[in-house]
Amino acid sequence: KNGLAEKYVSKYRVVSGAGVGGRVYSSLARASTLTLGEVSVQKPVAYLSQQQKGAFADVYLAGNVGYGVLKQFNITFDYARQQLFFEKNADYGRPDVADRSGMWLERTKGGFEVVDVVAGGAAEEAGLKAGDIIVAIDGKPTSAWLLSDARARLKAAEGTRVRVGIERTKHELALKLRDLV
């Protein structure tokens with residue numbers, strides 16, 4: 001409605017979250033500045049909702065800036081006065097980074113399931129497909145990884161090579177991480 005996908009040159013459709021209602025699909029973008037009262041965050045990653053139903057389809061909700069912005073602050077909710085306070089912390093000013101693998105993972109009994117693969121992303125280029133089960137990352141079995149740690153690994157520096165063992169092929173594939181925004 002507001003032309004944000006065009007304004008921020010959003011080229012990639014990604015899974016930006018999942019919950020009781022299922023997966024949330026968004027256009028991945030990077031804004032120039034997000035200002036919250038008297039504080040600003042430069043170049044935040046933005047997920048512009050593509051949902052047709054559910055909370056993220058609300059006409060008053062264009063998208064989500066998420067954890068990459070919030071982790072830069074200690075946040076205090078003053079419910080009695082209906083106020084929110086943002087105090088800069090040690091992460092303030094650090095670049096906001098989106099997943100650089102181009103895939104969305106979920107924990108399953110056998111490892112991490114590749115639920116979605118971004119067209120043109122590193123995972124697709126490496127040969128990963130939706131439905132693949134990753135059984136190892138960098139030689140370490142997925143049973144030894146928390147999902148949050150695996151997702152953090154996929155946000156490593158651009159150019160980092162991450163090896164993933166795939167159940168389907170019984171081989172390792174190498175992803176070369178890169179920015180999508």
Side-chain angles (χ1 to χ4, degrees), residues 10-30 44-58 61 63-75 89 91 94-181:
S10 177
K11 297 187 282 187
Y12 296 100
R13 180 179 185 263
V14 301
V15 174
S16 57
V20 175
R23 293 179 199 95
V24 175
Y25 290 90
S26 301
S27 292
L28 183 62
R30 186 173 295 280
V45 172
Y47 298 94
L48 307 176
S49 178
Q50 294 186 344
Q51 294 301 105
Q52 301 299 312
K53 59 184 178 178
F56 283 97
D58 188 311
L61 183 71
N64 190 349
V65 289
Y67 183 70
V69 169
L70 294 179
K71 76 177 184 178
Q72 297 185 41
F73 301 95
N74 298 325
I75 302 171
N89 64 28
D91 286 323
R94 290 191 181 162
D96 188 7
V97 177
D99 171 86
R100 290 181 165 131
S101 71
M103 66 179 164
W104 182 264
L105 301 178
E106 290 293 342
R107 166 77 67 191
T108 65
K109 194 175 187 181
F112 295 127
E113 180 180 357
V114 177
V115 173
D116 189 62
V117 176
V118 175
E124 182 186 64
E125 289 172 2
L128 284 149
K129 300 179 183 332
D132 278 343
I133 304 296
I134 295 174
V135 295
I137 299 175
D138 291 333
K140 183 176 164 184
T142 52
S143 60
W145 287 82
L146 295 174
L147 179 58
S148 59
D149 291 338
R151 288 183 175 157
R153 177 70 179 127
L154 299 175
K155 289 183 175 185
E158 190 169 22
T160 299
R161 294 194 181 276
V162 177
R163 298 179 344 268
V164 294
I166 307 298
E167 185 180 70
R168 168 178 57 92
T169 63
K170 307 292 187 225
H171 291 96
E172 275 191 346
L173 299 176
L175 284 79
K176 184 176 180 184
L177 303 181
R178 64 179 172 78
D179 285 326
L180 297 175
V181 291

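- Residues S27 and Q50 approach most closely at OG-NE2, 2.6 Å, considering heavy atoms.
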_E125 vs R178, test: salt bridge (charged side-chain N to carboxylate O under 4.0 Å, His left out). Steps then yes/no._
CA-CA 11 Å; E125 289 172 2; R178 64 179 172 78; 3.0 Å; yes

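- With rounding to the nearest 0.5 Å, the separation of CZ in R163 from CG in L175 is 11.5 Å.
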*asked:* Set out, in order, the CA-CA distance, both residues' side-chain angles and the distance that settles side-chain contact (heavy atoms from CB on, under 4.5 Å) for V118 and L180, then state yes or no.
replied: CA-CA 10 Å; V118 175; L180 297 175; 4.2 Å; yes

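- Residues V45 and V97 fail the side-chain proximity criterion, which asks for heavy atoms closer than 4.5 Å.
- Closest approach of A150 to I137, counting heavy atoms only: CB-CD1, 3.8 Å.
- For the pair L154 and L105, the tightest heavy-atom approach, listed with the atom from each and the gap, is CD1-CD1, 3.8 Å.
- In this structure, CG on D132 lies 9.5 Å from CE on M103, to the nearest 0.5 angstrom.
- No more than 12 heavy atoms of other residues, nucleotides or ligands lie within 6.0 Å of CZ in R161, so this atom counts as exposed by the packing criterion.
- Of all heavy-atom pairs spanning D96 and G68, the tightest one is OD1-CA, 3.2 Å.
- Here the side chains of F112 and R107 are in contact, with some heavy-atom distance below 4.5 Å.
- For the atom pair CZ of R153 and CG of L146, the computed distance is 15.5 Å after rounding to the nearest 0.5 Å.
- When every heavy atom of G17 is checked against every heavy atom of W104, the shortest pair comes out as CA-CH2, 3.7 Å.
- Looking only at distances, no side-chain donor or acceptor of R151 sits under 3.5 Å from a matching main-chain atom of D99.
- Remark: K140 NZ is packed, more than 12 non-hydrogen atoms of other residues, nucleotides or ligands lying under 6.0 Å away.
- The distance from atom CG of L173 to atom NZ of K129, rounded to the nearest 0.5 Å, is 9.5 Å.
- Put simply, the side chain of E158 gets close to the backbone of D179: a donor and an acceptor are under 3.5 Å apart.
- R30 places no side-chain N or O within donor-acceptor distance of the main-chain N or O of P44, the cut-off being under 3.5 Å.
- Residues that satisfy the side chain to side chain contact (heavy atoms under 4.5 Å, CB included) test with E167, not counting sequence neighbours, are I133, V135, K170.
- Taking 4.0 Å as the cut-off between side-chain N and carboxylate O, R23 and D116 do not count as a salt-bridged pair.
- Separation of atoms OG (S16) and OH (Y47) is listed at 7.0 Å; rounding is to 0.5 Å.
- In this structure, NZ in K155 is found 12.0 Å from CG in L177, a value given to the nearest 0.5 Å.
- Smallest separation of non-hydrogen atoms from T142 and G111: OG1-CA, 3.2 Å.
- Qualifying side chain to side chain contact (heavy atoms under 4.5 Å, CB included) partners for Q51, counting only residues two or more places apart in sequence or in other chains: V24, Y25, S49, F56, A57.
- Checked against salt bridge (Lys or Arg N to Asp or Glu O under 4.0 Å), D149 has no partners two or more places apart in sequence or in another chain.
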